[in-house]
Amino acid sequence: MKRYTLIIGLVCLSVSMSLKAENGYDLWLRYAPISDANLEQNYQKILGTVVVPGYSETQQIIRKELKRAITSMLKTPVTVKTTHTIEATLLIAKLNELHDFSNIPALASVEALGNEGYQLIQPSNGPLLITANSDIGLLYGTFHLLRHMQQQLSLTELNLIQKPRLKLRLLNHWDNLDRTVERGYAGFSIWDWHKLPDYADPRYTDYARANASIGINGTVVTNVNANALVLSTQYLEKLTTLANILRPYGIKVYLTARFSAPVEQGGLKTADPLNTEVQQWWQYKVREIYTLIPDFGGFLVKANSEGQPGPQDYHRTHAQGANLLADAVAPYDGVVIWRAFVYSHEVPDDRHKQANNEFLPLDGKFRDNVLVQVKNGAIDFQPREPFHPLFGSMKQTPLMMEFQITQEYTGCATHLFYQAPLYKETLDSDTWCKGEGSTVASVIDGSLYKNKLTGIAGVSNIGNDFNWTGHPFAQANWYAYGRLAWDYQLSAEEIAKEWLKMTFTTEPNFVESMVPMMMDSREVLVNYMTPIGLHHIMARNHHYGPGPWVTGGRPDWTSVYYHRADKQGLGFDRTATGSNAVNQYFPEVARVFGQRELCPDKYLLWFHHVGWNETLASGRTLWDELCYRYYSGADAVRQMQNQWDAQADFVDTERFTHVAELLKIQAKEARWWRDACILHFQQFSGQPIPEGYDQPAHSLEYYMNIEHRFVPGIKNE
Ligand code: BDP
């Protein structure tokens, strides 16, 4: 028996030692050698002679990427030509250049492909074709092919047309000019402003490649808590270097605009949107930007929220503020993305309701080139939130979705938390705004209200850590965000599978055990942090770790404001007997969320104050269910550790160890969350922790006294 174990051990060791050391820098673009000999032969045949005609920057990028990928994946070298030959086995050319192939019946029409779409088709004789109307469509098609090959899927009988469902697919970097990243957990900002415009870090190109490979077409490079300095000529020149690098990858740059910039940068006395000098200042500034960057995307604005300046400082509305900038960028086809994340502690109403109260009366008052960007939920990127009631409610204003990829409230970069299930949960939620099936996705893709502008934004989790995102599995969230931005109908499982195969290995044993682990990781985290609809109970300011006791100061930044624990029960009454936030949803949704018996347990404490001894769907009382959730969440992380430990043979030692170490932290912190929250709420329930569960390791006081200094992601003093 012992000898047997030893042999297995040696085999495993030699397998993992034979895996190339990797630091994660290559993300999902590793182009690992094809392991299946037959498939390799087949690929070799299809990719023997590649033709990519044309000399645009993007076409050169396509050739370079193909050479890089194919040389690394296949043993025999390939030829990539620029002129079409009869021997071509793969031809990547625009639709209007395919004269020789116009007899192929299945060839897509110009309309079917649009600006960014592409077709991959294998005619019965002739080369495999990748075609599109634009260069960028060809690049997207090329990345599709490479994605397919990296997953070791067959290339025969390929025939597909792909077109993005949303127009603007943006990353929002909350990066400051001093390179700190607000809520960033993967090092400093990748934008090295100090060395720009002269030094172009090669990383910018790799960033562009990675984003283009998943269809991201825009990036807001600066923090929503904006610094007007970025609008100075000096910084605009720096931005120009970035724009030039990103452009051939189909990525436009955007900036956050500090509303008071006319005062700070322009020396004016006011930033009032109705003031002529202010209007002229923005026009002049925008002209300067477009002279340097003709395809500049536009501005993202956080105004009159959390201390940021805005039009309300001059008694003007959000619409008047947005229109000021919209008018300035309109001649250049620029857009203004105005955030709906507004709330104030001076407004006595439930924070949940404030965005709707502010924005609904403004519906129809925004210019055509304004989008209102709405966070997925009404509070703030919690592990679970019901969808934001603005979705579906604004009928004349295009709404853009904002997800947070960076893990501010979900374990920074030390917790393995696959977010695609969260994104999907929101996108698939039914708003009922136009009857059943009016999903959030169909609001943002413009199909319900026929909006011309559509978009989605993800708050980036990228930093200058060698692996970009801190946690190796956090790369999956960047990837999944991009894939869903392109096509929200993809399933979270499919995306996890693609990502695992490309990032680690196509070995079925590995993929089959890792997909469920990733899929479950969302619910696991919800359980050990904020089960049954609890929310905003994290530590103050840096938001790292539990803080259900947080009180004092701005009420809407405390935990007690949200969980409302008392001797009777737990949860925020947002029904008619409470804040009535539930009324902001369409009646069918309000009916379900608003009735204690109908409200799903996952949102229960979000909308209801529930008695400790009331029975939940599981048959357990609230207190017992709370304990059950916290304990099962923490236990499940131990389970994840075991699942990962069983993968040692499939993953290089570097990344294997990195993930294993982070899972140890996650297991420790899951217990920390569990014990701290249970002990805190126990003061109110007055009930014992049910039998069979471990007792918390320390007293409540101990947890309350834990202090963390220098947590990343905030301005530390
Ligand atoms: C909150 C973050 C804060 C951001 C804000 C926002 O704690 O750092 O500035 O959102 O989205 O979640 O503007």
Side-chain angles (χ1 to χ4, degrees), residues 170-178 180-186 189 220-227 230 254-259 299-310 312 318 321-322 337-345 351-352 354-355 358-359 371-385 388 390 399-413 417 419 422 426 456-461 463 477 481 529-530 535-545 547 550 553-559 561-562 708 711-717:
L170 309 192
L171 281 181
N172 286 183
H173 285 262
W174 285 359
D175 294 16
N176 298 312
L177 300 182
D178 63 4
T180 55
V181 180
E182 180 147 345
R183 312 305 179 182
Y185 310 100
S189 170
V220 185
V221 294
T222 46
N223 191 357
V224 284
N225 296 320
N227 186 337
V230 80
Y254 295 68
L255 285 178
T256 46
R258 187 164 161 87
F259 200 77
F299 295 121
L300 168 67
V301 189
K302 169 175 178 178
N304 293 120
S305 166
E306 300 184 333
Q308 292 301 303
Q312 293 180 336
H318 282 285
I337 303 165
W338 196 267
R339 294 178 88 225
F341 180 67
V342 298
Y343 66 102
S344 162
H345 60 293
R351 173 174 167 187
H352 194 294
Q354 295 186 28
E358 288 272 357
F359 278 82
L371 296 111
V372 170
Q373 184 166 299
V374 183
K375 288 189 181 183
N376 57 292
I379 300 297
D380 201 357
F381 297 140
Q382 297 301 293
R384 168 166 278 132
E385 293 197 32
H388 200 302
L390 267 180
L399 297 190
M400 195 159 155
M401 171 64 74
E402 180 174 326
F403 286 124
Q404 190 179 46
I405 312 173
T406 190
Q407 293 178 233
E408 173 180 1
Y409 298 102
T410 52
C412 304
F417 172 59
Q419 293 179 29
L422 182 161
T426 309
I456 186 164
V459 180
S460 153
N461 61 351
N477 295 330
Y481 165 73
M529 283 189 180
T530 51
H535 51 288
H536 208 293
I537 55 169
M538 64 287 157
R540 195 195 289 276
N541 194 19
H542 52 58
H543 300 166
Y544 167 63
V550 169
R554 263 185 83 152
D556 53 358
W557 284 354
T558 66
S559 301
Y561 175 95
Y562 296 96
H708 282 100
V711 175
I714 51 160
K715 293 245 178 274
N716 283 292
E717 275 99 48

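When a ligand or atom number is given, it counts from 1 through the structure's own listing order. Computation of the quantities below employed the complete heavy-atom set of this structure, encompassing side-chain atoms and omitting hydrogens, waters and symmetry-equivalent molecules. Numbers for residues simply follow the sequence, beginning at 1.
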Note, N227 side chain near N176 side chain (heavy atom, < 4.5 Å):
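Result no, sub-4.5 Å side-chain heavy-atom pair not found.
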Could you check whether any side-chain heavy atom of W557 comes within less than 4.5 Å of a side-chain heavy atom of R351, counting everything from C-beta outward?
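Heavy-atom side-chain distance check passes, below 4.5 Å.
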Heavy-atom nearest neighbour in the protein, as seen from [atom], with distance rounded to 0.1 Å:
atom                    : answer
atom 8 (O) of ligand 1  : E182 OE2, 2.4 Å
atom 10 (O) of ligand 1 : K375 NZ, 3.0 Å
atom 12 (O) of ligand 1 : D380 OD2, 2.6 Å
atom 13 (O) of ligand 1 : K302 NZ, 2.6 Å
atom 5 (C) of ligand 1  : E306 OE1, 3.3 Å
atom 2 (C) of ligand 1  : E408 OE2, 3.3 Å

Would you tell me whether Q373 and N172 have side-chain atoms, one donor and one acceptor, within less than 3.5 Å of each other?
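Looking only at side-chain atoms, N172 and Q373 do form a donor-acceptor pair, the distance falling under 3.5 Å.
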Main chain of [Y], side chain of [X]: is a donor-acceptor contact present, judged purely on distance under 3.5 Å?
X    : Y    : result
Y254 : L171 : no
N376 : T426 : no
Q419 : I405 : yes
H173 : D175 : no

Using heavy atoms and a threshold below 4.0 Å, how should the contact between I714 and ligand 1 be classified: side chain, backbone, both, or neither?
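It is neither part, as no heavy atom is under 4.0 Å.
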With a heavy-atom distance limit of 4.0 Å, tell me whether H543 approaches ligand 1 through its side chain, its backbone, both, or neither.
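Near ligand 1, H543 shows its side chain, while the N, CA, C and O stay back.
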Within ligand 1, which atoms have a heavy atom of [X] less than 4.0 Å away?
X    : answer
Y409 : 1 (C), 7 (O), 12 (O)
R183 : 2 (C), 3 (C), 7 (O), 8 (O)
F341 : 5 (C), 6 (C), 10 (O), 11 (O), 13 (O)

Should the ring pair Y409 and H536 be called parallel, tilted or perpendicular, given that the plane angle runs from 0 to 90° and is split at 30 and 60?
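Judged by the thresholds at 30° and 60°, the geometry between Y409 and H536 is tilted.
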Of all the heavy atoms in Q308, does at least one lie under 4.0 Å from an atom in ligand 1?
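No heavy atom of Q308 comes that close to ligand 1.
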Evaluate [X] for polar contact with ligand 1, using N/O atom pairs at a separation under 3.5 Å.
X    : answer
Q404 : no
E402 : no
W174 : no

Nearest heavy atoms of M400 and A457, plus distance in Å
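Closest pair (atom of M400, atom of A457, distance): CE-CB, 4.1 Å.
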Please name the pair of heavy atoms, one in E408 and one in Q404, separated by the smallest distance, quoted to 0.1 Å.
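Smallest heavy-atom distance, with atoms named: OE1-NE2, 2.8 Å.
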